[in-house]
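Read through the structure below, which is laid out as structure tokens, and then see the notes.
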Amino acid sequence: MARQLQARRLEGVDENIWVDLVSLAAQYKPVNLGQGFPDFPPPAFLREAFVRAITEEPLLNQYTRAFGHPLLVKNIAQLYSQLLGQDLDPFSNVLVSVGAYGALFCAFQAFVDEGDEVIIIEPFFDCYEPMTKMAGGKCVFIPLRPKPTDAGAPMTSGSWRLDLEELERKISGRTKILVINTPNNPLGKVFSKEELEEIADICIRHNIICFSDEVYEWLVYDGNQHVRIASLPGMWERTITVGSAGKTFSATGWKVGWALGPDHLLKHLRTVHQNSVYHCATGAQEAVAQGFQRELEQLGKPESYFGQLRDELEKKRDRLYHCLKEVGMKPMKPQGSYFMIADISHFRTEVPPPSDASIPYDYYFAKWMMKNKHLAAIPVSAFFSAPHKKHFENFLRFCFVKEHSTLEAAENILKNWRK
């Protein structure tokens with residue numbers, strides 16, 4: 001009997017809404033507040049550094065060190081030694097990979113074995129589930145849930161909380177990894193130090209490895225603080241921290257990311273990296289290294305790009321928040337990240353749910369809005385596991401990291417919604 005040609009581990013995850021939504025966007029050409037990338041360029045100092053790297057002697061057009069360009073890993077180690085309270089060795093505690101995606105892939109492939117359970121906090125960045133399954137693991141989902149606020153107080157991303165007792169109940173003898181994303185995509189939730197300490201306590205007591213996806217670490221608003229879980233007592237030795245130059249320097253297409261951690265963990269990621277992607281673009285790594293060199297000198301000063309970008313995006317966030325509110329949506333102001341979610345349940349009369357009850361309302365509404373209003377957003381149910389999608393189908397995710405002209409076009413659509 002002929003062997004079936006199928007990817008058993010990918011059943012159920014090799015079909016997703018992104019292909020459909022991207023196809024619709026190409027057809028209707030909406031104002032794009034859906035996909036999570038800036039439509040403005042990286043800072044001039046970074047672009048100029050890239051040009052120098054590939055046009056001036058010594059030309060950096062060939063391979064560099066496979067696990068990270070020497071200048072880049074040295075500058076990352078210098079910065080994060082301060083932030084994590086650890087003396088990072090640039091060559092054993094830092095791995096540079098093809099974006100944060102590459103670093104995450106290396107982590108899942110390195111540590112998830114057949115039958116291992118991976119706890120994923122929902123809503124989650126959509127690659128965590130397929131990466132777990134590709135490695136042979138089992139996803140165990142636990143959702144953040146919005147908690148009621150004081151009378152009259154608007155909900156924010158911080159209103160979504162994790163039930164720690166429920167988390168404890170999810171842990172079994174097969175639990176190996178817990179994945180956390182702070183600031184969270186799509187919510188924009190920034191986990192507080194208290195929340196992270198409680199999660200850390202559970203990881204330590206149950207001997208769980210933590211993958212901490214912190215790509216939006218510099219984009220934290222309203223005076224909130226980004227706390228790195230690896231900096232908490234007992235967590236450095238069991239945490240892989242993932243970062244992104246794309247999000248840090250507004251250069252998502254350059255695909256430079258990194259993983260930080262103790263050598264006894266990171267050595268396994270190096271093995272996966274060596275035997276999969278092997279290497280990242282040398283010129284881009286040199287430019288990012290120069291960017292970090294500048295920020296090491298400017299950090300905390302008005303000239304810091306990290307601070308300037310944060311302040312600019314906070315204004316863009318507030319602008320979009322008011323527009324969404326005026327049209328009748330109920331936006332939840334994010335504490336961090338590129339994104340804001342908005343409750344669209346008020347629109348069920350204007351845009352009735354589909355006759356097919358299996359289709360989440362937010363997915364249906366997002367397609368309707370793209371076709372009829374020429375405005376693109378992402379259904380938040382896409383960031384939940386299949387059993388939980390229908391419980392969180394009344395929200396859309398909007399990206400506010402856009403040019404003034406893009407936000408102005410979206411603003412005009414929203415202001416003229418019912419005309």
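Side-chain atoms are counted along with the backbone in the values below, which use heavy atoms only and exclude waters and symmetry mates. Keep in mind that this is a model prediction, so the values were computed, not measured.
A salt bridge between Asp113 and Lys176 is present, with a side-chain N of the basic residue lying under 4.0 Å from a carboxylate O of the acidic one. With salt bridges taken as basic N to acidic carboxylate O contacts below 4.0 Å, none links Arg310 and Glu314. Taking the charged nitrogens against the carboxylate oxygens, Arg294 and Glu297 have no contact shorter than 4.0 Å, which rules out a salt bridge. Electrostatic pairing of Lys389 and Asp362 does not count as a salt bridge here, judged by no charged N lying under 4.0 Å from a carboxylate O. For Asp116 and Lys138, the salt-bridge test fails: no basic side-chain N is under 4.0 Å from an acidic carboxylate O. A salt bridge links Glu195 with Arg161: the distance from a Lys NZ or Arg NE/NH1/NH2 to an Asp or Glu carboxylate oxygen falls below 4.0 Å.
A donor-acceptor pair under 3.5 Å is formed between the side chain of Arg47 and the backbone N or O of Pro42. A donor-acceptor pair under 3.5 Å links the side-chain atoms of Asn184 to the main chain of Pro123, judged by distance alone. The backbone N or O of Asp39 lies less than 3.5 Å from no partner atom in the side chain of Lys402, so there is not a single donor-acceptor pair. For the pair Asn394 (side chain) and Ile344 (backbone), a donor-acceptor distance under 3.5 Å is absent. Judged by distance alone, the side chain of Ser157 and the main-chain N or O of Gly188 form a donor-acceptor pair under 3.5 Å. Judged by distance alone, the side chain of Gln285 and the main-chain N or O of Cys280 form a donor-acceptor pair under 3.5 Å.
Considering every non-hydrogen atom in both Gly243 and Ala100, the closest pair reads O-CB, 3.7 Å.
Tyr278 and Tyr63 have their aromatic ring centers within a separation under 6.0 angstrom. Here Phe125 and Tyr101 bring their ring centres to under 6.0 angstrom of each other. For Phe383 and Trp160, the ring centers sit 6.0 Å or farther from each other.
Of the options Trp218, Phe50, Phe292, a ring pair (Phe, Tyr, Trp, His ring centres under 6.0 Å) to Phe249 is made by Phe292 and by none of the others. When each of Leu162, Thr182, Leu232, Ile204 is tested with Ile199 by the rule side chain to side chain contact (heavy atoms under 4.5 Å, CB included), just one qualifies, namely Leu162.
Judged by the 6.0 Å distance and 45° axis criteria, Lys367 is not positioned over the aromatic ring of Tyr364. Judged by the 6.0 Å distance and 45° axis criteria, Lys316 is not positioned over the aromatic ring of Phe400.
Under the 4.5 Å side-chain criterion, counting only non-hydrogen atoms from C-beta, Leu72 is in contact with Val256. At a threshold of 4.5 Å between non-hydrogen side-chain atoms, the residues Phe339 and Val380 do not count as touching.
Side chains of Glu214 and Ser212: a donor-acceptor N/O pair is present below 3.5 angstrom, by distance only. Side-chain contact check for Ser345 and Tyr361: no donor-acceptor pair (N or O, by modelled atom type) lies under 3.5 Å.
Heavy atoms of other residues, nucleotides or ligands lying less than 6.0 angstrom from NZ of Lys193 number 12 at most. By the neighbour-count criterion of 12 heavy atoms within 6.0 Å, atom NZ of Lys325 is sparsely surrounded, having that number or fewer from other residues, nucleotides or ligands. Within 6.0 Å of NZ on Lys147 lie more than 12 heavy atoms contributed by other residues, nucleotides or ligands.
Relative orientation of the Phe392 and Phe384 rings is parallel, given thresholds of 30° and 60° on the angle between their planes. The aromatic rings of Phe141 and Phe124 sit parallel, their planes meeting at an angle under 30°, below the 60° perpendicular limit. Relative ring orientation between Phe365 and Trp368 is described as tilted, the plane-to-plane angle lying within the 30° to 60° band.
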>> Test ring-ring contact (aromatic ring centres under 6.0 Å, His included) on Tyr338 and Tyr216; report intermediate values, then the result.
In response: CA-CA 8 Å; Tyr338 279 2; Tyr216 300 104; 5.1 Å; yes

